[in-house]
2 protein chains.
Amino acid sequence: MDKLVDRLGSVVGSVVVDPDVLEAHRQDAATFCTAGAPLVLVRPSTTAEVQEVVRAAGEYGVPIVTQGARTGLSGAANAIDGCILLSTARMNQVLEVSVEDQVAVVQPGVINADLSRAVLEQGLFYPPDPSSWEMSTVGGNIATNAGGLCCVKYGVTGDFVRGLEVVLASGEVIRTGRRTVKGVAGYDLTHVIVGSEGTLGIVTEATLALRPAPEAALTAAATFLSIEEGVAAAAAVMGSGLRPSLLEFIDGVTARAIQDYRDMGLPANVGSLLLAQSDRGPRAAEDVAAIAEICTAHGAVDVAVASDAEESAMLLEARRLVHFANEKLGTSLIDDVAVPRSQLVALLHGIDAISKQYDVLIACPGHIGDGNMHPTVIFDQADPAAQARALEAFGAVMDLGLSLGGTITGEHGVGKLKRQWLAQELGPVGLQLQRDVKAAFDPRGLLNPDKLFL
Amino acid sequence: MDKLVDRLGSVVGSVVVDPDVLEAHRQDAATFCTAGAPLVLVRPSTTAEVQEVVRAAGEYGVPIVTQGARTGLSGAANAIDGCILLSTARMNQVLEVSVEDQVAVVQPGVINADLSRAVLEQGLFYPPDPSSWEMSTVGGNIATNAGGLCCVKYGVTGDFVRGLEVVLASGEVIRTGRRTVKGVAGYDLTHVIVGSEGTLGIVTEATLALRPAPEAALTAAATFLSIEEGVAAAAAVMGSGLRPSLLEFIDGVTARAIQDYRDMGLPANVGSLLLAQSDRGPRAAEDVAAIAEICTAHGAVDVAVASDAEESAMLLEARRLVHFANEKLGTSLIDDVAVPRSQLVALLHGIDAISKQYDVLIACPGHIGDGNMHPTVIFDQADPAAQARALEAFGAVMDLGLSLGGTITGEHGVGKLKRQWLAQELGPVGLQLQRDVKAAFDPRGLLNPDKLFL
């Protein structure tokens, strides 16, 4: 293996074997995912360097795990014993922003927020906004098909990926997709690679769709005493044609945690909290007023509507505190089920039942407009029995989501964390076809081989 | 083969060997695409019947060509010698429309317009609207990832496909995707199957996303003396954030053909004509007024804005006459290139040059908001030399589109018609990967084997 490291040193500018650096790169942000010990970390700067790494890995039969900022929540970027970690950190250039074509061409290591700011300077908007957007890379967002808060209006990362440059397991390079808005020339391999968690190829460049920048959003917030009222109000907003640019749900457990964390005047008996935004410029005030009316009609006990950006930010504060507030309660195991919106009440009540059955606290905030919730099992990590119950509850939540016609993951991906449930969601025939597609791209299983499939 | 036909008769309700019926089913609507002589036409009613057909075909090693309404423009549904034609005509049920989840579940043989009307009754909207929508099937739209007029705002067919039930070449059934808005559980096989022209599997059910129905659209129309002005006005509309629900371009050749077909007061020296719509209800009047202003600012010599549905329909009349007007000029060979919007003027001038070089008339209307144009080579079919020049011009248009960073097909697909140019667009590595994906789905090449690839 020393020979492989030497070889890598001769073809890539940055090759690291320092144990501390390798240790720091072993894992992404998923809780309770095992990770192996990597052989080496490489940080190529060009597509040609990526090709050289892949060719060397192929010759030595060593697996490659591609990493962005390691903010993922499923362990997809976790090291495999003896692997090459390929970090895209040095491929961080925005290569082009075209106002006329409304596209950006970027390297995979560009930070989402850097791209967003770069295009905004030209009056354009890159909508995908995962919570990690200040840290996570566009390549990582593509690898997981990351969602975010504004998906409810704009869609997920994949909806903004037009074309990719990809280094295949063979070391060859392909370009998938296109720069144009539409295109149906051959199979859509772009969107197989989006969300494939580094298992099909290594994305070395992406052509992304942009939109004209919207104006600053206005916010409405509504407090309900029950789950049912909040869910019904959200359904009514989604059925109204108003197209909010954000529609978030905060459950009672989370709301109480937030109130304990910082006094926001939330009543102790809060059942649910809805936050909504509209970014339709001069129409935003009308929109949030209409959303507020819908909430009132559905039994909200408190409704607030912002009239400017500052008030909007204040109202959104509760959403920003979700993570910190729940973190204070204990160790978090964040799930990511999505269900048809008609099943949301059943999901929330089912999660309450699971919480009681396994004697763990489960908060359940989420992107309610998309039916994509983040049931968060909270427990004391120092207590092995509690940890075991938490893991069982985590699985029970996914079983529940599937039984309601949902999916085990709306935006976080499968990685290492959810491989057994992927098999359950897809069934044996579907799973085998996925494996066959993997083999078509990577017959020797060199690219992130222990992810997605058990 | 008699045994195969007998076998099919025992498993499917409708099995046809009548030569006249088979002859009528040999081809789709593509000009100049060869078609073979089918062995038999089957019209299964259920997924189980489709499975039986596929299993029988597998046992006898006979290829299957799946057909919807045969309105396609690339020969993808054309018969292969000795094949089984599998028509989805009897699988034409809308199985469910859910207002709460904003989804429809349909069989593949449902006519697009029937679905649109069925969901509209419940206040919902199925946006994909290919010109063939009154005749074409949802299954056919999925097979070609059909576009249409309202793509410019809403996207193409694939953007509304959430999940599929698919009979594989093995006869097994899988469900891909989901019913939920978001989902990242495994590779996105749904969108590999969308646009795959019947070569990867047979879609037997689709779960489609719907939206709240918009209000009736208002129309603006603007006439320019040059190509440049019309293209620049369209670019300005797309850059404005107005999000028109339709933005169509009619070139000078087509405009003159329309004027000859029916007096619409179009000047003989028209360079380009833009048609735009907004469906934003109470805001539509504002939007079309803003679009009209943009057109005036870009040199339009005549601008008309509709104030109601009737006037809107009158202004759209020119768009509706494009096909009929060009048909009167001769036989049409319709191309479907898409280019980045910044390359539209170069495309239009290049097409003019090709027209002169090959001594054929080329009209060039198109979905300008998406950069997806339909250069239409018009010639006298009775003149073999003219036909040969037309075919060369058709190829030259695709070469031009590729040289401008575009694609050979924005919405019609590859089928039999564009196989050689697909190879050119994808390059050898990309093409081989597409073949490998085909082999992963259909290792024996039973499903529509002579399409897409040469």
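Sequence lines set the chain letters: A, B, ... in the order given, protein chains first and strands last, and positions in each chain run from 1.
- Contacts with chain A were tallied for B/Gly147, B/Gly239, B/Gly186; B/Gly186 has the most, counting heavy-atom pairs under 4.5 Å.
- Only the backbone of A/Val173 comes within contact range of chain B, judged by heavy atoms closer than 4.5 Å.
- A/Lys418 does not touch chain B: none of its heavy atoms, backbone or side chain, sits under 4.5 Å away.
- At least one donor-acceptor pair closer than 3.5 Å links the side chain of A/Gln102 to the backbone N or O of B/Met238.
- Ranked by heavy-atom pairs shorter than 4.5 Å toward chain A, the options B/Gly371, B/Ser342, B/Gly241, B/Gly413 are led by B/Ser342.
- The contact between A/Val429 and chain B is made by backbone and side chain atoms together, counting heavy-atom distances below 4.5 Å.
- Residue A/Leu404 holds its CG atom at 11.5 Å from OG1 of B/Thr180, rounded to the nearest 0.5 Å.
- Neither the backbone nor the side chain of A/Arg419 comes within contact range of chain B; no heavy atom of the residue lies under 4.5 Å from a heavy atom of that chain.
- Each of A/Leu189, A/Ile408, A/Asn145 has some count of heavy-atom pairs under 4.5 Å with chain B, and the biggest count is that of A/Leu189.
- Listed options A/Val414, A/Asp101, A/Asp188 were ranked by heavy-atom pairs under 4.5 angstrom with chain B; first place goes to A/Asp101.
- With chain B as partner, the option from A/Val99, A/Ile174, A/Thr176, A/Leu124 having the largest number of non-hydrogen pairs under 4.5 angstrom is A/Ile174.
- With a 4.5 angstrom heavy-atom cutoff, A/Glu286 touches chain B only via side-chain atoms.
- For a residue to count as touching a neighbouring chain, one of its non-hydrogen atoms must lie under 4.5 Å from one of that chain's; by this rule B/Thr144 touches chain A with the backbone only.
- B/Arg243 CZ to A/Arg211 CZ: the interatomic distance, rounded to the nearest 0.5 Å, is 3.5 Å.
- Ion pairing between B/Lys182 and A/Glu411 holds under the 4.0 Å rule for side-chain N and carboxylate O.
- Taking all atoms of both residues into account, the shortest heavy-atom contact from A/Ala185 to B/Thr407 is CB-OG1, 3.6 Å.
- For the pair B/Asp370 (side chain) and A/Val181 (backbone), a donor-acceptor distance under 3.5 Å is absent.
- Minimum heavy-atom separation, A/Gln434 to B/Tyr187: OE1-N, 2.7 Å.
- Only the side chain of B/Phe453 comes within contact range of chain A, judged by heavy atoms closer than 4.5 Å.
- With a 4.5 Å cut-off on non-hydrogen atoms, B/Arg435 does not touch chain A at all.
- A/Leu168 is listed as a side-chain neighbour of B/Leu433, based on a closest heavy-atom distance under 4.5 Å.
- Each of A/Thr409, A/Asp159, A/Asp436 has some count of heavy-atom pairs under 4.5 Å with chain B, and the biggest count is that of A/Thr409.
- Contact annotation for A/His367: only side-chain heavy atoms (C-beta onward) come within less than 4.5 Å of a heavy atom of chain B.
- Neither the backbone nor the side chain of B/Arg162 comes within contact range of chain A; no heavy atom of the residue lies under 4.5 Å from a heavy atom of that chain.
- The pair B/Arg175-A/Glu425 does not meet the salt-bridge criterion, since no charged nitrogen lies less than 4.0 angstrom from a carboxylate oxygen.
- Heavy-atom neighbours of chain B within the stretch residues 191-201 of chain A, taken at a separation under 4.5 angstrom, comprise A/His191, A/Val192, A/Ser196, A/Thr199, A/Leu200.
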